[in-house]
Number of protein chains: 2
Amino acid sequence: MSTEPPGDAEPHAAEGVSPGASGGDIPPAAVGRLSLYLRELRRLAAAGSDHASSRQLGQLLGVSDAVVRRDLAYLKPQGRRGVGYVIRPLVQRIRQTLGSNQVWNVVLLGTGSLGNALLRYQGFQEQGFRWVAAFDIAPERIGTVVQDVPVYHTDQLERRIRELEANLAIIAVPAGATGEIARRLAAAGITGILNFAPVALRVGDEICVANVDLASELQQLAFSVLIAGEPADGKPEKSSLKSSKNP
Amino acid sequence: MSTEPPGDAEPHAAEGVSPGASGGDIPPAAVGRLSLYLRELRRLAAAGSDHASSRQLGQLLGVSDAVVRRDLAYLKPQGRRGVGYVIRPLVQRIRQTLGSNQVWNVVLLGTGSLGNALLRYQGFQEQGFRWVAAFDIAPERIGTVVQDVPVYHTDQLERRIRELEANLAIIAVPAGATGEIARRLAAAGITGILNFAPVALRVGDEICVANVDLASELQQLAFSVLIAGEPADGKPEKSSLKSSKNP
DNA sequence: TAGATTGTTAATCGATTAACAATC
DNA sequence: TAGATTGTTAATCGATTAACAATC
């Protein structure tokens, strides 16, 4: 009955709120940060705090306190003036908003070294995501079980996705195979794809795609270093520039 | 003499331009896309094209043609009206701007499954990044060589970084170890850190940090799926929403 | 009460879009 | 020339900052 995922031992997590409702008008920039607030709030709670201020959260993430307050205000007032935010209900509220309140069944495409690392990555489970299957085409991998997740032949993609009621997919296959895989995922009913292959996925409008291009991340970092080293108009010298994807 | 990295067999890559100069005033949003244009331009070139239009590039990446033209205009006019962009010189210009023209020596911190996957990831080398060392504290890993990259004990971090003239570092260690590692990297002269650990790094202003939080990426995707499923005010139904980190 | 911190406003800054003259 | 596509402008949209009254 409860859709409470593991990992977060919150006593009354499944309260009388419709999970995931009412988040339609939060700006993307704020959504990106909500997930990071969640991370830091949990860390604070684990360290024994039960309150946090916008100033504190802002410093932890490198954003201004005004941004934090604005972001959290999208969740309907949760803070107390003069006091700050009570961590536990705030964590619940953020989870509810982001949809972390419900279980997402995730499949992995490609069990190469990156795919393997993703399966072993602890962070997904901790946020309430559940691996239900992995797919590959290499005969020696099929039938194995990695971190409790069974590896099937990609032939079985459609069947297993339906069977296991998977919602999300993570693609970690070679670039060339990506387009075809994405089409099949969409057709099989997957509603969101996190794509690690260095290609721009063009799929239908009825499926969400987020791309993570590791080489591009490093390249952007290198550029930041470059311009930090040649300030506006002086001689090259170390200068302040804090690049952070979610600033 | 030439600082031409491998991977891109461009004949006259090291022309008489100062590498990496003149990029100080490109907006961050554009920088993020430049690296993706580069990727697609290479693919087009490999497929035999020698010209590309802003419309074509825009469609490949899911952005408007106006954005593409504006972005590329930051590099000083490169296109030809009525024709489009000649791919080869444009690739060179983007590489020069981003600093891909020069070699960046990269060290890896942490050779767990994620670290291993990063070492094996082809994309970094292809963009001109060069692994020079990896560090770990697990005795059984020290002294091994992964993909031609030697694994040293973290004790040797400062010495090896100086010796190998490393510029950039990628952190793939457990969250708890990250702060200390980052401080040491900064002290040792590293100028940029790509951080995969789920913590907000607070380091001095003389070093650039970019964070990649994998769990947060998946969480943002889930949120996109959620609001795509509950359109503005109707009954839940699939709807258009194309989430992409670099839209 | 006094001190602290929120929620929110108005002002600024940055990015995207639409449109079109310039020009290949 | 005619058709195509750039470079760039003006208008719109979105996000951040600074400030402060409200209130715990």
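Remember, predicted model here, so these are calculated numbers, not experimental data. The basis for the numbers below is simple: all heavy atoms, side chains too, and nothing from hydrogens, waters or symmetry mates. Throughout, a chain's letter reflects where its sequence line sits, starting with A, and its residues are numbered from 1.
Residues passing the ring pair (Phe, Tyr, Trp, His ring centres under 6.0 Å) test with B/Phe124 are B/Tyr121, B/Trp131, sequence neighbours excluded. A/Arg184 pairs by the side-chain contact (heavy atoms from CB on, under 4.5 Å) definition with A/Thr154, A/Leu157, A/Glu158, A/Glu180, not counting sequence neighbours. Under the rule for a side-chain hydrogen bond (donor to acceptor under 3.5 Å, both in side chains), the partners of B/Ser35 that lie at least two apart in sequence or sit in another chain are A/Ser216, A/Gln219. Residues satisfying the side-chain hydrogen bond (donor to acceptor under 3.5 Å, both in side chains) test with A/Tyr37, not counting sequence neighbours, are A/Asp71. For A/Ser64, the side-chain contact (heavy atoms from CB on, under 4.5 Å) test picks out A/Ala66, A/Val67, with sequence neighbours left out. Contacts of B/Ala200 classified as side-chain contact (heavy atoms from CB on, under 4.5 Å), with partners at least two apart in sequence or in another chain: A/Arg39, A/Glu40. Remark: B/Arg55 engages B/Ser53, B/Gln59, B/Asp65 in a side-chain contact (heavy atoms from CB on, under 4.5 Å) (not counting sequence neighbours).
When side chains are defined from C-beta on, A/Trp104 counts as touching B/Val225, because their heavy atoms get closer than 4.5 Å.
A sub-4.0 Å separation between OP1 or OP2 of D/dT17 and a side-chain N or O of A/Ser64 is present.
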Open item on the list: Generate the contact string for nucleotides 2-9 of chain D. Rules: B means base contact, S means sugar-phosphate contact only, - means no protein heavy atom under 4.0 Å.
Closed with: --BBBBBB

- [ ] Fill in the dot-bracket string of DNA chain D, one character per base: . for unpaired, | for a pair to another strand, ( ) or [ ] for pairs within the strand, taking Watson-Crick or G-U pairs under 3.5 Å.
- [x] ..||||||||||||||||||||||

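Atom CG in B/Leu61 sits roughly 16 Å away from atom C1' in C/dT16 (whole-Å rounding).
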